[in-house]
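A quick write-up on the structure given underneath.
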Amino acid sequence: MSKIKKIGVLTSGGDAPGMNAAIRAVTRTAIFNNMEVVGIRHGYHGMIYKHFTHLKVYSVSDVLAKGGTILKTARSQEFMTAEGRKQAYDNLKEEGIDAVVVIGGDGSLTGARVFCDEYYDIPFIGIPGTIDNDIYGTDYTIGYDTAQNTVVEAVDKIRDTASSHNRLFFIEVMGRDAGFIALKTGIACGAEAILIPEVEGQVENLQNFLEKGNKRKKSSNIIIVAEGEKSGGAFAIAEKVKEDFKEYSVRVSILGHIQRGGAPSAFDRVSASTLGYEAVQALLDDQKSVMVGFHNGEIDLVPFRKVIKIKKKVDPAQLEMADVLSI
Ligand code: F6P
């Protein structure tokens, strides 16, 4: 019998499609194993202000297919302070919560790590949830697949109008300071160029990309720009191109928060369900301060320490491939 009787579950940071599937899986797996479940609303903010709600099996009915997070989310500045974390700890103790599952991105898992370094007697397990896929220790994060599909659908539509007008489009996608969304969607949409923060000097090289397209008299050029790209974003790059290459009819599209919404894909639903289930199994196995991730299709438990410290890398070979395929 596990000594854990009551667990808390929260979502934190940017929401991601599939978070509800993970909440559902955590809740039902915990109840199946005779634990009580407390939903902590509004992420760490709710931990500090006791936004606690008891979750039953039926509380998570009909949420599997919904985007967003039924527990709401937030980025808590107060949890970054020692006083905030002390208050959160006292509240967890008062509520009798003896373990927590955190679903979120880099910042959320960093918060979990700092908390666990200060307070040892409440184990935390992390689930990677962010559309950015920028978390070390897992091949993919909850929401990444759905966000990619959303981007691909939007870019395909933009391609139709771009070709009709012989236009050059700069399309900015999310990803914070990482280029995973840009790289994969650029390949999926046959982008003429993909500009990501991990690679320097790409903007200086734009002329080559454009000449490549010109040679074949392409009817459209799509350049995917990751929002973290370091030359000032899609608008700034487009302005420069307009000045230097007057022959192009240039347009910019910032896809924005549409990338975070929508029903999760089948892939995200299955991944999130698996991660939620495995997070509770990890608690039953007396694990703590680890994130549940996927490595080569298998479940892997990765210490928070590593998740936080190591930067996940994009595969430069894929950028080369995209370049070849778009000649
Ligand atoms: O981390 C998810 C993400 O959507 C990033 O891609 C983006 O940079 C950021 O969150 C946007 O945050 P906000 O919704 O607070 O503007």
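Nothing here was measured: the structure is a model prediction, and the numbers come from that model. For ligands, and for the atoms within them, numbers begin at 1 and follow the listed sequence. Worth knowing before you read on, the calculation uses all heavy atoms, side chains too, and leaves out hydrogens, waters and symmetry mates.
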> Is it the case that more than 12 heavy atoms not belonging to Ile310 sit under 6.0 Å from its CD1 atom?
Replying inline: yes

>> I'd like to know whether ligand 1 has Arg75 as a neighbour, heavy-atom separation below 4.0 Å.
In response: yes

>> Could you check whether Glu95 pairs with Lys6 (Lys NZ or Arg NE/NH1/NH2 to Asp/Glu carboxylate O, under 4.0 Å)?
In response: yes

> Under 30°, 30 to 60°, or over 60°: which ring-plane class applies to Tyr89 and Tyr119, parallel, tilted or perpendicular?
Replying inline: parallel

> Going through the checks in order, is the side-chain hydrogen bond (donor to acceptor under 3.5 Å, both in side chains) test met by Gln87 and Asn91?
Replying inline: CA-CA 6 Å; Gln87 184 61 58; Asn91 293 343; 3.0 Å; yes

>> Looking at non-hydrogen atoms alone, which of His257, Glu227, Met174 comes nearest to atom 16 (O) of ligand 1?
In response: His257

>> Quick check against the 3.5 Å criterion: does Asp323 have a side-chain atom that pairs as donor or acceptor with the backbone of Leu319?
In response: no

> Can Gly175 be said to touch ligand 1, with heavy atoms closer than 4.0 Å?
Replying inline: yes

>> Can you report which non-hydrogen protein atom sits closest to atom 9 (C) of ligand 1, along with the distance?
In response: Arg176 NH2, 3.6 Å

> Among Asp134, Asp132, Ile181, which one has a heavy atom closest to atom 6 (O) of ligand 1?
Replying inline: Asp132

> With a 4.0 Å heavy-atom cut-off (strictly under), which part of Arg260 contacts ligand 1: side chain, backbone, both or neither?
Replying inline: side chain

